[in-house]
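Have a look at the structure below, then the notes.
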Amino acid sequence: MTIETEIVVIGGGAAGCMAALTAARKGASVILLERNQKLGRKLYITGKGRCNVTNDCAPDEVLKNIPHNGRFLTSSVTRFPPASVKEFFTALGVKLKTERGNRVFPQSDKAADIIDALLMGLRRAGVEIREERAADIRSAGEGLRVHTERGEYRCKAVILATGGVSYPLTGSTGDGYQMAAALGHTIIPPKPSLVPLVAEGDLCRRMQGLSLRNVAIKVKNSKKKVIYQEQGEMLFTHFGLSGPLILSASAHMRDFDKDHYTVWIDMKPALDEKTLDARILRDLGENPNREFHNVLDGLVPRLMVPVLAELTGIPDGTKANSVTREGRRRLLELLKNFPVEITGPRPVEEAIVTSGGIKVTEVDPKTMQSKLVKGVYFAGEVLDADAYTGGFNLQIAWSTGHAAGESAAEAVLQAGGELC
């Protein structure tokens, strides 16, 4: 079976849907190939099922939140910024709202509303959606050919938007890397980003399930340099640390092969050391005959009490009125700087996004077209660019998808002529 069209988009995630819809609206004939029965499977799990569509901020703020290859994305983000993303989905009938941290969600808190709107938009624009897995892309004269398990597509342009390797059950299995490499592109080895962290020892396991809110963390490397600090929420797990703060911190921890990282947790960021010391003295003084570990209930969550008491070195059974100045000082240090030694990230399959992918110096940042193969474009997580949490990674998908779709459509429509 051989089918002819002007543009083939490979991958029906956020970037692929945006690319296909943009190209079709420009007047190009578009076929979208998606290996899953449903489009946007990864969108269903973003923002805990609510879909953090974008971040309501200026383009320069978006770029500040892209620590890796943000400069490459300057053109695409500037031309299709968060304001344009909001307008795009509003026009598709999705009511949006902005929450803490400028995070934008559908008003319904349902990711399905975003996916349904994209699907409706694609159908109205005339995009043909086919449930097929692409195997390779080949040049053919002045055109391109995409092979699937069912046959061949002849086209003038291909937009590769297959994602990375995080959450492989959603279809992100690295196929796009293989197809790009076969065309001569360099693939930066994928690593996990926005991923939980594995800790040394069993302290975290002993506090498994404990969620901390309004705490502050600092991440230091082996040179004691602070590489990340922020306040928010985190979680102790059976393997180490997770939660929003930790996922964001992981984006800064990129050299586990060469470096070592420690997460320092401030349990009481609203209190300076002097104020906190006075609080500890007060609690001990008001409960002189209670055992020390029981007094800790008023300072930290119950799951943390045995661990904290052990780390202070104060013996079991010690009464509050028998705690020494040194013991009190050790408790103060732990409350303001609780250390967790990190051994590495969880597997890339558990990461929200993938760091690594197609080397961006081989891609035109204005058009997203390959510099090596005419007519091949890239969009989304398949590129070596990733951002922090807060809607910024989806913004990359929308911006690069829009740039690729617009550029591909303009190129094929200007070229005209028969398909090869």
Side-chain angles (χ1 to χ4, degrees), residues 48 52 55 64-68 100-103 191-256 259-273 275-277 279 296 299-305 307-308 310-312 330-346 350-353 355 386-393:
K48 297 180 180 178
N52 186 180
N55 192 283
K64 287 178 185 176
N65 282 275
I66 303 173
H68 189 55
R100 180 176 55 86
N102 294 323
R103 290 169 166 84
K191 294 181 180 181
S193 186
L194 304 183
V195 65
L197 300 173
V198 180
E200 285 184 5
D202 69 343
L203 292 184
C204 291
R205 181 186 56 76
R206 289 168 60 187
M207 295 183 284
Q208 177 182 347
L210 173 59
S211 178
L212 299 178
R213 302 182 66 182
N214 298 319
V215 295
I217 67 167
K218 288 182 180 178
V219 178
K220 295 182 180 181
N221 61 17
S222 55
K223 295 180 180 178
K224 309 301 181 184
K225 179 182 178 182
V226 176
I227 61 169
Y228 176 81
Q229 56 183 336
E230 189 56 81
Q231 189 168 328
E233 301 177 21
M234 59 166 289
L235 173 73
F236 290 101
T237 72
H238 66 284
F239 56 77
L241 303 175
S242 189
L245 272 181
I246 301 304
L247 298 181
S248 293
S250 72
H252 299 260
M253 304 160 73
R254 296 178 176 271
D255 297 308
F256 280 103
D259 212 342
H260 178 81
Y261 302 96
T262 305
V263 175
W264 298 86
I265 307 169
D266 183 350
M267 310 289 179
K268 306 290 181 181
L271 303 178
D272 60 25
E273 288 197 6
T275 305
L276 181 56
D277 190 35
R279 162 78 185 276
L296 289 180
L299 287 167
V300 295
R302 185 161 297 178
L303 271 175
M304 180 171 272
V305 168
V307 172
L308 198 61
E310 177 183 311
L311 293 176
T312 62
R330 178 61 177 153
L331 173 60
L332 177 64
E333 289 174 352
L334 287 167
L335 289 172
K336 295 298 287 182
N337 287 286
F338 187 95
V340 179
E341 302 293 334
I342 304 301
T343 61
R346 290 289 285 177
E350 296 180 27
I352 292 177
V353 297
S355 177
D386 57 279
Y388 303 142
T389 56
F392 299 108
N393 284 290

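We count residues from 1, following the sequence as given. Nothing here was measured: the structure is a model prediction, and the numbers come from that model.
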Side chain to side chain, Leu212 and Leu245, heavy atoms closer than 4.5 Å = no

So, for Ala351 and Ser193, which heavy atoms are closest and what is the spacing to 0.1 Å?
-> CB-O, 3.4 Å

Would you say the side-chain atoms of Ser250 pair up with the backbone N or O of Pro196, donor to acceptor, closer than 3.5 Å?
-> no

Indicate yes or no: at least one non-hydrogen side-chain atom of Phe236 is less than 4.5 angstrom from one of Leu241.
-> yes

Does any pair with a residue in residues 194-212 pass salt bridge (Lys or Arg N to Asp or Glu O under 4.0 Å), and if so which ones, sequence neighbours excluded?
-> Asp202-Arg205, Arg206-Glu310

Between Ile217 and Met234 the two heavy atoms that sit nearest each other are CG2-SD, 4.1 Å

Would you say Ile352 and Asn393 make side-chain contact, with heavy atoms under 4.5 Å?
-> no

Between Phe256 and Met253, which heavy-atom pair has the shortest distance, and what is it?
-> CE1-O, 3.3 Å

Should we say atom NZ of Lys218 is surrounded by more than 12 heavy atoms from elsewhere, each under 6.0 Å from it?
-> no

Heavy-atom side-chain contact between Leu203 and Val340 under 4.5 Å = no

Sorted by chain and residue number, the side chain to side chain contact (heavy atoms under 4.5 Å, CB included) partners of Lys191 (sequence neighbours excluded) come out as none

Once you round to the nearest 0.5 Å, how far does CG of Leu308 lie from CZ of Arg330?
-> 9.0 Å

Ionic contact status for Asp386 with Arg254, cut-off 4.0 Å | yes

Closest heavy-atom pair and its distance - His68, Ser355 | CD2-OG, 4.1 Å

Heavy-atom side-chain proximity of Leu311 to Phe338 below 4.5 angstrom | yes

When rounded to the nearest 0.5 Å, the distance separating CG of Asn337 from CE of Met267 is 10.0 Å

Spacing of Asp259 atom CG and Asn221 atom CG [to the nearest 0.5 Å] = 4.5 Å

Would you say Asn52's side chain and Arg103's backbone share a donor-acceptor pair under 3.5 angstrom?
-> no

Gap separating the OH atom of Tyr261 from the CG atom of Leu197, nearest 0.5 angstrom = 10.5 Å

How far apart are the closest heavy atoms of Thr389 and Phe392, and which atoms are they?
-> O-CD1, 3.4 Å

With side chains defined as the heavy atoms from C-beta onward, is the minimum distance between Leu334 and Pro339 less than 4.5 Å?
-> yes

Distance in Å, Asn65 CG paired with Tyr388 OH, rounded so as to fall on 0.5 Å steps = 7.0 Å

Identify the heavy atoms of His260 and Ile342 that sit nearest to each other, and give their distance.
-> CE1-O, 3.4 Å

Distance only, no hydrogens: is a donor on one side chain within 3.5 Å (strictly under) of an acceptor on the other, for Gln208 and Thr237?
-> no

Does His252 reach the side chain of Val219, with side-chain heavy atoms less than 4.5 Å apart?
-> no

Backbone N or O of Lys268 within a donor-acceptor pair of the Lys336 side chain at under 3.5 Å?
-> yes

The reported gap from CG in Leu331 to CG in Asp277 (rounded to nearest 0.5 angstrom) is 9.0 Å

